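Please read all numbers here as calculations on a predicted model, not as lab measurements. Here is how names work: the chains are called A, B, and so on, in the same order as the sequence lines, proteins then strands, and each is numbered from 1.
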Amino acid sequence: MTTIRLRNTKTRKVEEFVPIDRENVRMYVCGPTVYDRAHLGNARPVIVFDVLYRLLRHVYGAEHVTYVRNFTDVDDKINAEALRRQQAGAPGTIEELIHQRTEETIAWYHADMDALGALRPNHEPRATDYIGQMIGMIEGLIASGHAYARDGHVLFRVRSYKGYGRLSGRSVDDMIAGARVEVAPFKEDPMDFVLWKPSDADLPGWDSPWGRGRPGWHIECSAMSHELLGESFDIHGGGIDLQFPHHENEIAQSACAHPHGDFAKVWMHNEMLMVEGKKMSKSLGNFFTVRDLLDGNWSGGWKVPGEVIRFVFLSTHYSKPMDWTEEKARQAEATLRKWRTMTFRSKPDVSPPIEVVSALSDDMNTHAALTALHRFSRLGNGGALLAGAKLLGLLTPELSDWFRFGEKSVAEDPRIDAIQDIRVMARKRGNYAISDQMRSDLLDAGVAVFDYKDSSTGYFEPDFLARWLVSKAWAAFKAGDREKAQKYVDLAREAGVSVHLEDDGVSAVTGHDEQAAFAYFEKYISLIHERACKILQKGYLK
RNA sequence: GGCGGGUUGGCGGAGAGGUUACGCAGCGGAUUGCAAAUCCGUGAAGACCGGUUCGAUUCCGGUACCCGCCUCCA
């Protein structure tokens, strides 16, 4: 049996993972607050814990793993959005508008995360469906002296739990010292945090022993994990930014409400995502959602396949900050294209290769797993490559949409064949100048040309066209031929690629308009075809 | 101020106290009339200063710089 080792934030050590019950391995991951599209940073824990989920399923059996990821659907940002809609004239009560908003956001989330190849968890509880459990838990905390009610609020008495701060390595006194903690008249201690707060008429609320109100942020995860996974479960995951205060507060609540349970045995935190070396933020203009990337609605302009996003994420260990760059995405795409091409007719091995399983078992070393896949690729072992990739959620049929091979989007055009026939004739007779000129024209038209000893093949592919023209422009620029570089830039623009020639080179070129590419191809292929036929008719081939 | 992460070759990015990371790019070669593609091979590193050691990029201490959290945040 494979031994999985995981870094536990609680102990700061990599430990052997021993499930509480190997018949039912339980994992809880903090999910999104559903007020808007998921941004790229939201995708990191989804992908990281999806790989862990797949690994656990592989080791313990798919039916022996329970994965819970919540939706936070009660939150001030949701309320604000619903209120904004109401004020903009949308019909319905505020509750209905909130419901509408969360419903559509959850649907987006599912669509976007599906596109990244993430499996759906076994349970995706919504906070609003567990209000009763939260109230029950809060009542218990009051009864045992760990919480108190004041002015319609209920607060957790942080000083009553001596383990507070252990997860994040802080002491309560240090935190108060230099910290910006919200001081409120109803707090006994500035560190105390809200379990329940009152709602006025234009906010969603539920009846409770403390009046109409809504839960604080942290209590939902404690209530839902307890309900679905029990007092003790195996793994609790989330972003490192949740370590404090969210997870610290969760532990305090759960430990005090269920003193006989261990709550989560292993805490795992993924590091943050950066964009081109900086934190993603709206003010820096480097903020984008997963959907923006998928749809090409970002600075790169390229429709990034979900599989490419996934690959980029897996190439950095989850415990390190990960920098999203277009360069990485391009490399990932090239690698995936190569792997998909070489495994086009392969069948995956029955079980994943040991190299990949042991890499993942070593604290989820996804990068090492990818290195193993590179090796299988080099060795030409398509079966192992596919089976290993599957464990990472890569090279799966679900994520294959972007990859076109053979008949699907590659244009096989009778004119290409005709030109190639003439070229082969020319080559046989030693008319290399003619043959090579035609080849160069074909390449410029977006036809990938492959010459063999006595034959030649070629096909039109929009993506090839874009890459070819841009690489020609770069080559000319590097050779100091600005005029030629400009010519290729102009051609690329005509072919639907957004590209500019700047002082420091050819600007980032990515997405392209396929319709423009086909129109471009149509225009040039007919010219080349005409010219080729003329050469043949006039007997220039000797 | 407190807590945490990081600094590796042109770029990305791992592991290991002494032996090739790997990928991309580069270079060389095979193949080809020439390209492309493919295959084979290959140079190049460990922020800085000390210490431990026969030997450290890998362990320990310090310095510098970068980043995150401490307020909603994955």
Electrostatic pair D454(A):K428(A) at N-O distance under 4.0 angstrom =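 Answer for the salt bridge query: no.
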Answer yes or no: is there an ion pair linking E81(A) with K77(A), defined by an N-O contact shorter than 4.0 Å?
->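 So E81(A) does not pair with K77(A) through a salt bridge.
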Please state how far atom [atom1] in [X] lies from atom [atom2] in [N], giving the value in whole angstrom units.
| X | N | atom1 | atom2 | value |
| --- | --- | --- | --- | --- |
| W267(A) | rG4(B) | CH2 | C1' | 17 Å |
| M364(A) | rG15(B) | CE | P | 14 Å |
| H247(A) | rC72(B) | NE2 | P | 14 Å |
| H246(A) | rA74(B) | NE2 | C1' | 11 Å |
| M272(A) | rC69(B) | CE | C1' | 9 Å |
| N270(A) | rC67(B) | CG | C1' | 16 Å |
| K320(A) | rG12(B) | NZ | P | 13 Å |
| M274(A) | rC67(B) | CE | P | 8 Å |

Involving RNA chain B, stems made of at least three consecutive Watson-Crick or G-U pairs, both distances under 3.5 Å |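 So the stems come out as B:1-7 with B:64-70, B:10-12 with B:22-24, B:26-30 with B:38-42, B:47-51 with B:59-63.
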Which atoms of nucleotides 32-36 of chain B (N or O only) lie under 3.5 Å from a protein N or O atom, and what are those distances?
residue : atom : partner : partner atom : Å
rG33(B) : O6   : R427(A) : NE           : 3.2
rG33(B) : N1   : D436(A) : OD1          : 3.1
rG33(B) : N1   : D436(A) : OD2          : 3.3
rG33(B) : N2   : D436(A) : OD2          : 2.6
rC34(B) : O2   : R439(A) : NH2          : 2.5
rC34(B) : N3   : R439(A) : NH1          : 2.8
rC34(B) : N3   : R439(A) : NH2          : 2.9
rC34(B) : N4   : R439(A) : NH1          : 3.2
rA35(B) : N6   : D451(A) : N            : 3.1
rA35(B) : N6   : D451(A) : O            : 3.0
rA35(B) : N3   : R439(A) : NH1          : 3.3

Quick one: are the ring centres of F71(A) and H110(A) less than 6.0 Å apart?
->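 Close enough - the centres of the two rings lie under 6.0 Å apart.
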Pick the [atom1] atom in [N] and in [M], then give their distance to the nearest Å.
| N | M | atom1 | result |
| --- | --- | --- | --- |
| rA47(B) | rU8(B) | C1' | 10 Å |
| rG2(B) | rG50(B) | C1' | 28 Å |
| rU19(B) | rA45(B) | P | 14 Å |

Pairing residues for S358(A) by the side chain to side chain contact (heavy atoms under 4.5 Å, CB included) criterion, not counting sequence neighbours =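 If we apply the side chain to side chain contact (heavy atoms under 4.5 Å, CB included) test to S358(A), skipping adjacent residues, there are no hits.
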Within the sub-3.5 Å range, which N or O atoms of nucleotides 21-24 of chain B have a protein N or O partner, and how far apart are they?
residue : atom : partner : partner atom : Å
rA21(B) : N1   : H367(A) : NE2          : 3.3
rG23(B) : OP1  : R378(A) : NE           : 3.2

Name the closest nucleotide to the E271(A) side chain, picking from rG5(B), rG12(B), rA74(B).
->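 From the listed options, rG5(B) comes nearest.
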By side chain to side chain donor-acceptor pair (under 3.5 Å), which residues pair with T9(A), not counting sequence neighbours?
->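 H269(A).
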State which residues pass side chain to side chain donor-acceptor pair (under 3.5 Å) with N8(A); sequence neighbours excluded, sorted by chain then number.
->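 Side chain to side chain donor-acceptor pair (under 3.5 Å) list for N8(A), sorted by chain: E15(A).
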Residue among D76(A), D200(A), D73(A) satisfying salt bridge (charged side-chain N to carboxylate O under 4.0 Å, His left out) with R214(A) =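 Looking at D76(A), D200(A), D73(A), the match for R214(A) under the salt bridge (charged side-chain N to carboxylate O under 4.0 Å, His left out) is D76(A).
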Have Q437(A) and D441(A) got a donor and an acceptor in their side chains that come within less than 3.5 Å?
->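 Side-chain D/A pair, Q437(A) to D441(A): present.
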Is a side-chain donor-acceptor pair under 3.5 Å present for Q420(A) with S456(A)?
->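 Yes - a donor-acceptor pair under 3.5 Å links their side chains.
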Run the numbers on H374(A) and W339(A) for side-chain contact (heavy atoms from CB on, under 4.5 Å), then give the verdict.
-> CA-CA 9 Å; H374(A) 277 296; W339(A) 287 356; 3.5 Å; yes
Evaluate side-chain contact (heavy atoms from CB on, under 4.5 Å) for H218(A) paired with F156(A), printing each intermediate quantity in order.
-> CA-CA 11 Å; H218(A) 317 293; F156(A) 186 86; over 6 Å; no
